[in-house]
Amino acid sequence: TDCSTVVGWRAAIPSAEAAVPAVSSAGQAGHMPVPGGPRPLPEVVLSRDLGDNASRQAAAQGLVKVLHGAYVAPLANANKWQAAEHLARARVAAVFHRLTNGAVFSHESAALIHGLWLVTAPMTVHVTQRHKPSTRTPTLHRHAGTLMPEDVVEVHGIRVTSVERTVADLAKTLHPRDALILADSALRLLVDPNRDQLSAVRRTTEVVRARLMEKVETGAQHGRRQARAIVAYADPLPESPYESIVRWIALSRGLPRPELQRRFDIRGNTYYTDMYWLFELTVDDRPFRLCLIAEYDGEQKYLGGTSADDPEAAAQAVLAEKRREDDLRGMADTDVRRFDRRDVQKIEATFRRLCTALPKSYMASLRQVPELIG
C-alpha cells in the first residue's frame, strides 16, 4: 500500500481541555459515532420551591447552588470537566426560568445548548436582546443587538441563536484554537459526515461553510478577519476536540491542510487516520517524499466501548492498535506521530515532534497564520 494524494506545501486560507473523548480511528466504516448535539438542560430547583430557609433545605437535599436562588443536583460519577459543564448548563436553565423580555440565549450559552465543543465551561450566561441592559450582573452577560428571524431557533423549548449564528459570534471572540474546535463540532452537527462518502461530505460541507461565511459578514465587525479564517479551516471530520487542537497547532504554524479520515486498506484491514499529509518536495536538488500521519490517542481508544474492568478486552484492543500502527508504518516513506492529552498543552514541542521528519529547509519556509495564532 502506498500514499497517493498530493498536498501542496504552501497553503493559503482557501477562500486546554474539552469534554468529548476521542474515538478510535480504527472503528467501523460509515457514520462516526461521536457524542454531541442538543440534550435537555438539567432540572433546577428555585428558592421559591424550597420554602423560607432555601439554603438549608437545598443542603439537606444535596443540591448545589448555581446562581442566586437556584440549585441543582450534582452529576454522579462525573470528572472535573463534566461537573463544570453540568453546572454551566444548570446556570443556563436557571436564567431561562427568569427571562421574560424576549432575550435569546447566545454565544457560549447557545453552544452549550446545541452541544458544541467548548474548551472551558463558561461561568457566565449569555443572552442577546434588542436594547442595551440598564443593569449588569457578573453571571449574566446581555448582548445588545437585533437577530434576524432565521438566527433564532428553539431547542427543547428554549429560544437560542442558530448553530450558524452561534459559530459566527464565537469565531470573532474566542481564541482561534477554541473557535476552531467549536466550528469543527458545528460542521459535524450540521453535515453529519460519513467517512466512506467523502465526496458527498465535501459538497455538503461547502454549502454549510457558505452559510457560515454569510453570518460572519453580519453582526459585529470586530473579529471578522479571524472568523473568516476559522470558518475557512473548519472541518466536520475530527472525532474529538483534541484532534482539532493538534490540527490547529499544525495549521496555525504554517503546515498545509491535512486530509482527515484518510482511508487505508492494508492486508484485509481498513484503517482511518486522524490527519494525513503527503509532501513531495525538492531538497538540495533531490526529490523528497513523505507521508505524514498524525494520530490522537484518547483515553477510551484502547477500550473500544468495553468496560475498563475487562483486562482481556483492553489487551485485545491494544494488540489491534499495534497491528494497525505496524501496518501504517510499513507503507513506503511514511512517518506516524502519536499525541495524547499531555501533548496538546505543549504547543511548540508538539509542533516540533510532528515535523521531525520534514527537511529543515522546508520548515524554515513555513510562516505562521496570524488569524489562527491569536
>> I'd like to know if Val104 and Ile113 are part of one continuous hydrophobic network [Ile/Leu/Val/Met/Phe/Trp/Tyr, side-chain heavy atoms within less than 4.5 Å].
In response: no

>> Would a single hydrophobic cluster contain both Leu147 and Ile158, if residues Ile, Leu, Val, Met, Phe, Trp and Tyr are joined by side-chain heavy-atom contacts under 4.5 Å?
In response: no

> Can you find a heavy atom in the side chain of Thr350 that is under 4.5 Å from one in the side chain of Val344?
Replying inline: no

>> I'd like to know whether Leu372 forms a side chain to side chain contact (heavy atoms under 4.5 Å, CB included) with Trp248, so could you lay out the CA-CA distance, the side-chain angles of the two residues, the decisive distance to 0.1 Å, and finally the verdict.
In response: CA-CA 8 Å; Leu372 295 183; Trp248 167 77; 4.2 Å; yes

>> Given 3.5 Å as the limit, does a donor-acceptor pair link the side chain of Asn79 with the main chain of Trp81, or not?
In response: yes

>> Test your reading of the model: is there a side-chain donor-acceptor pair from Arg324 to the backbone of Asn269, 3.5 Å cut-off?
In response: no

> What distance do Asp335 atom CG and Leu354 atom CG have between them, rounded to the nearest 0.5 Å?
Replying inline: 8.5 Å

>> Quick check against the 3.5 Å criterion: does Gln129 have a side-chain atom that pairs as donor or acceptor with the backbone of His131?
In response: yes

> Does Arg188 use its side chain to pair, donor to acceptor, with the backbone of Pro238 at less than 3.5 Å?
Replying inline: yes

> Is a side-chain donor or acceptor of His86 paired with a backbone partner of Ala73 at a separation under 3.5 angstrom?
Replying inline: yes

>> Quick check against the 3.5 Å criterion: does Thr334 have a side-chain atom that pairs as donor or acceptor with the backbone of Ala332?
In response: yes

>> With heavy-atom distances below 4.5 Å as the criterion, would you say the side chains of Arg329 and Ile293 are in contact?
In response: no

>> Would Leu118 and Glu85 count as a side chain to side chain contact (heavy atoms under 4.5 Å, CB included) here? Give the steps.
In response: CA-CA 9 Å; Leu118 291 171; Glu85 186 208 32; over 6 Å; no

> Between Arg263 and Asp265, is the closest basic N to carboxylate O distance under 4.0 Å?
Replying inline: yes

> Quick check: does any side chain N or O of Arg195 sit under 3.5 Å from a backbone N or O of Val201, one acting as donor and the other as acceptor?
Replying inline: no

> Do the non-hydrogen side-chain atoms of Leu251 and Pro258 ever get within less than 4.5 Å of each other?
Replying inline: yes

>> I'd like to know whether Leu358 forms a side chain to side chain contact (heavy atoms under 4.5 Å, CB included) with Leu290, so could you lay out the CA-CA distance, the side-chain angles of the two residues, the decisive distance to 0.1 Å, and finally the verdict.
In response: CA-CA 8 Å; Leu358 289 169; Leu290 175 69; 3.6 Å; yes

>> Has Glu295 got a side-chain atom pairing as donor or acceptor with Arg338's backbone, closer than 3.5 angstrom?
In response: no

> When you measure from the side chain of Asp184 to the backbone N and O of Asp235, does any donor-acceptor pair fall under 3.5 Å?
Replying inline: yes

> Taking all non-hydrogen atoms of both residues, which atom of Pro176 and which atom of Ile230 are closest, and how far apart?
Replying inline: O-CD1, 3.5 Å

>> Would you say that Val167 contacts Leu187 through its side chain, given a criterion of any heavy-atom pair below 4.5 Å between the two side chains?
In response: no

> Roughly how far, to the nearest 0.5 Å, is the CD1 atom of Ile373 from the CD atom of Gln226?
Replying inline: 11.0 Å

> For Arg56, does the CZ atom have more than 12 heavy-atom neighbours from other residues, nucleotides or ligands under 6.0 Å away?
Replying inline: no

> Cut-off 3.5 Å, side chains only: do Thr161 and Asp151 have a donor facing an acceptor?
Replying inline: no

>> With heavy-atom distances below 4.5 Å as the criterion, would you say the side chains of Gln61 and Leu50 are in contact?
In response: yes

>> Check whether Phe264 forms a cation-pi arrangement with Arg262 (NZ or CZ under 6.0 Å from the six-membered ring centre, at most 45° off the ring normal).
In response: yes

> Considering all heavy atoms of both residues, which atom of Met363 and which atom of Phe351 are nearest to each other, and what is their separation?
Replying inline: CE-CE2, 3.7 Å

>> How long is the straight-line distance from NE2 of His141 back to CE of Met123, given to the nearest 0.5 Å?
In response: 16.0 Å

> Quick one: do Leu67 and Leu140 end up in the same hydrophobic cluster if we chain Ile, Leu, Val, Met, Phe, Trp and Tyr together by side-chain heavy atoms under 4.5 Å apart?
Replying inline: yes

> Is the shortest distance from a Lys or Arg side-chain nitrogen in Asp340 or Arg342 to a carboxylate oxygen in the other one below 4.0 Å?
Replying inline: yes

>> Any carboxylate oxygen within less than 4.0 angstrom of a Lys/Arg side-chain nitrogen, looking at Glu150 and Arg165?
In response: no

>> If I take atom OG from residue Ser47 and atom NE2 from residue His68, how far apart are they, to the nearest 0.5 angstrom?
In response: 6.5 Å

> Which atoms form the tightest heavy-atom contact between Arg337 and Arg353, and what is the distance?
Replying inline: CD-O, 3.3 Å

>> Closer than 3.5 angstrom, by distance alone: can the side chain of His114 be matched with the main-chain N or O of Leu116 as a donor-acceptor pair?
In response: no

>> Are the side chains of Tyr272 and Asp196 in contact, using a 4.5 Å heavy-atom criterion?
In response: yes

>> Working note: Arg289 + Leu278, criterion side chain to side chain contact (heavy atoms under 4.5 Å, CB included); need CA distance, chi angles, decisive distance, verdict.
In response: CA-CA 7 Å; Arg289 190 173 189 274; Leu278 174 60; 4.1 Å; yes

>> Is the ring pair Phe96/Phe105 parallel, tilted or perpendicular, if the boundaries are 30 and 60 degrees?
In response: tilted

> Nearest 0.5 Å, what's the CE-CG distance between Met275 and Leu260?
Replying inline: 7.0 Å

>> For Glu217, is there an ion pair with Arg228 - N to carboxylate O distance below 4.0 angstrom?
In response: yes

> When the ring planes of Tyr242 and Tyr296 are compared, do they come out parallel, tilted or perpendicular, using 30° and 60° as the limits?
Replying inline: parallel

> Hey, quick one: are Val125 and Val72 part of the same hydrophobic cluster, counting side-chain heavy atoms closer than 4.5 Å, chains of contacts allowed?
Replying inline: no

>> If you count heavy atoms of other groups shown closer than 6.0 angstrom to CD of Gln221, is the number above 12?
In response: no

>> Please tell me whether Val95 and Val153 are part of a single hydrophobic cluster in this structure, the criterion being side-chain heavy atoms less than 4.5 Å apart.
In response: yes

> Under the salt bridge (charged side-chain N to carboxylate O under 4.0 Å, His left out) criterion, do Arg209 and Glu206 qualify, and how do the steps go?
Replying inline: CA-CA 5 Å; Arg209 197 189 310 278; Glu206 293 314 309; 3.1 Å; yes

> Which pair of non-hydrogen atoms, one from Pro241 and one from Ile181, has the smallest distance, and what is that distance?
Replying inline: CB-CG2, 3.8 Å

> If every non-hydrogen atom of Gln82 is compared with every non-hydrogen atom of Asn77, which pair is closest and at what distance?
Replying inline: OE1-O, 4.1 Å

> Counting only heavy atoms not in Arg225, do more than 12 sit closer than 6.0 Å to its CZ atom?
Replying inline: no

>> If you compare all heavy atoms of Leu189 against all heavy atoms of Gly37, which two are closest, and at what distance to 0.1 Å?
In response: CD1-CA, 3.8 Å

> Should Gln261 and Asp274 count as side-chain neighbours, where that means a heavy-atom distance under 4.5 Å?
Replying inline: yes

> So how far is it from Glu164 CD to Thr218 OG1, rounded to the nearest 0.5 Å?
Replying inline: 11.0 Å

> Quick one: does Met331's side chain get under 4.5 Å of Cys291's, heavy atoms only?
Replying inline: no

